[in-house]
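Everything quoted here is computed from the prediction, not taken from an experiment.
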Amino acid sequence: MAGVFNTRVYEVVRRIPKGKVATYGQVAALAGNPRNARFVGYALHSNPEPGVIPCHRVVFRDGSLAPGFAFGGPDRQRALLEDEGVSFVPPAADRENTGSEGWLVDLQRCQWQE
DNA sequence: TTTATGACAATTA
DNA sequence: ATAATTGCCATAA
């Protein structure tokens with residue numbers, strides 16, 4: 001099909017439990033390619049399997065998400081994650097948020113762990 | 001058909 | 001310690 005990696009990513013993202021989030025790097029690593037974090041997002045962009053793959057649970061290593069490419073806006077993603085029980089924390093001021101409302105997912109508590 | 005770019009992360013200088 | 005570069009697969013033009 002459209003590449004093994006792509007299919008692998010979908011499978012991994014689909015495994016992310018509700019209330020948890022995974023970073024691109026983690027998904028890429030589980031997909032078998034720890035260096036392919038870039039294509040993880042591209043895979044979701046290419047064929048996000050609407051309704052099947054929770055793209056909103058995939059966030060940056062910093063805890064933020066893709067600004068402008070979120071299924072409706074970063075604000076929308078925060079609402080979805082909060083609704084699932086994901087904890088949000090204010091920016092560390094040291095780490096400038098990539099595009100969220102200024103709030104980052106608490107990877108310390110909500111990062112998906114296999 | 002080939003070339004260039006893309007939701008990032010890790011490594012090396 | 002920080003900064004800049006590299007790496008990987010797939011898709012679009």
Side-chain angles (χ1 to χ4, degrees):
Chain A
M1 308 302 211
V4 190
F5 178 74
N6 198 302
T7 305
R8 206 74 191 167
V9 172
Y10 299 145
E11 204 169 320
V12 173
V13 176
R14 196 190 301 166
R15 286 180 193 173
I16 302 175
K18 179 183 176 191
K20 296 273 182 166
V21 295
T23 63
Y24 289 101
Q26 179 156 12
V27 174
L30 292 171
N33 299 359
R35 259 74 189 200
N36 283 32
R38 301 175 92 179
F39 319 108
V40 174
Y42 200 59
L44 297 174
H45 180 202
S46 174
N47 189 12
E49 295 283 313
V52 183
I53 303 171
C55 317
H56 59 273
R57 287 181 191 157
V58 186
V59 300
F60 273 32
R61 231 347 205 108
D62 297 343
S64 61
L65 27 88
F69 268 96
F71 36 99
D75 181 60
R76 187 68 187 169
Q77 182 166 19
R78 175 165 46 102
L80 285 167
L81 293 174
E82 282 187 322
D83 182 64
E84 294 188 347
V86 175
S87 300
F88 273 75
V89 294
D94 180 56
R95 231 179 256 198
E96 295 187 22
N97 46 313
T98 308
S100 300
E101 291 278 302
W103 288 76
L104 305 177
V105 177
D106 188 352
L107 295 176
Q108 301 294 324
R109 306 198 316 162
C110 295
Q111 182 171 35
W112 177 43
Q113 43 192 315
E114 47 180 324

- Message: Output the pairing pattern of DNA chain C as a dot-bracket string, 5' first, Watson-Crick or G-U wobble with both distances under 3.5 Å, | for cross-strand pairs, [ ] for crossing pairs.
- Response: .||||||.|||||
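Regarding I53(A), its CD1 atom lies at a distance of 14 Å from the C1' atom of dA7(B), rounded to whole Å. The nearest whole Å value for the distance from the NE2 atom in H45(A) to the C1' atom in dC8(B) is 15 Å. Between the CG atom of D62(A) and the P atom of dA10(B) there is a distance of 10 Å, given to the nearest Å. L44(A) places its CG atom 12 Å from the C1' atom of dC8(B), with the value rounded to the nearest Å. Between R8(A) atom CZ and dC8(C) atom C1' the separation is 17 Å, expressed in whole Å.
Remark: N33(A) in residues 10-33 of chain A come within less than 4.0 Å of DNA chain C through at least one heavy atom.
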Between the protein and nucleotides 3-7 of chain C, list every N/O to N/O distance that falls short of 3.5 Å.
{"from": "dG7(C)", "atom 1": "O6", "to": "R38(A)", "atom 2": "NH1", "distance (Å)": "2.6"}
{"from": "dG7(C)", "atom 1": "N2", "to": "R35(A)", "atom 2": "O", "distance (Å)": "3.1"}

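For the pair N36(A)/Y24(A), no side-chain contact is recorded, criterion being any heavy-atom separation below 4.5 Å from C-beta on. Residues F69(A) and L44(A) are not in side-chain contact: their nearest non-hydrogen atoms beyond the backbone lie 4.5 Å or more apart. Considering only heavy atoms from C-beta on, L81(A) comes within 4.5 Å of H56(A) through its side chain. Looking at V13(A) and I16(A), their side chains come closer than 4.5 Å, going by heavy atoms from C-beta outward. At a threshold of 4.5 Å between non-hydrogen side-chain atoms, the residues F39(A) and N33(A) do not count as touching. At least one side-chain heavy atom of Y10(A) sits under 4.5 Å from a side-chain heavy atom of N47(A).
Taking atom P in both dA3(C) and dA7(B), one finds a spacing of 24 Å when rounded to whole Å. Spacing between dA12(C) and dA9(B) at atom C1', rounded to whole Å, works out to 24 Å.
Between R61(A) atom CZ and Q111(A) atom CD the span is 6.5 Å, to the nearest 0.5 Å. For the atom pair R109(A) CZ and K20(A) NZ, the distance stands at 9.5 Å (nearest 0.5 Å). Once rounded to the nearest 0.5 Å, the distance linking CD of Q26(A) with CD of Q113(A) reads 8.5 Å.
Counting non-hydrogen atoms under 4.0 angstrom, F5(A) reaches the backbone sugars and phosphates but no base.
Considering L107(A), D106(A), V58(A) in turn, L107(A) is the only one that fulfils the side-chain contact (heavy atoms from CB on, under 4.5 Å) rule with V21(A).
If F39(A) and V59(A) are placed on DNA chain B by their nearest nucleotide, the residue sitting closer to the 5' end is F39(A).
Between R14(A) and E49(A) there is no salt bridge, since none of the side-chain N atoms of the basic residue sits less than 4.0 Å from a carboxylate O of the acidic one.
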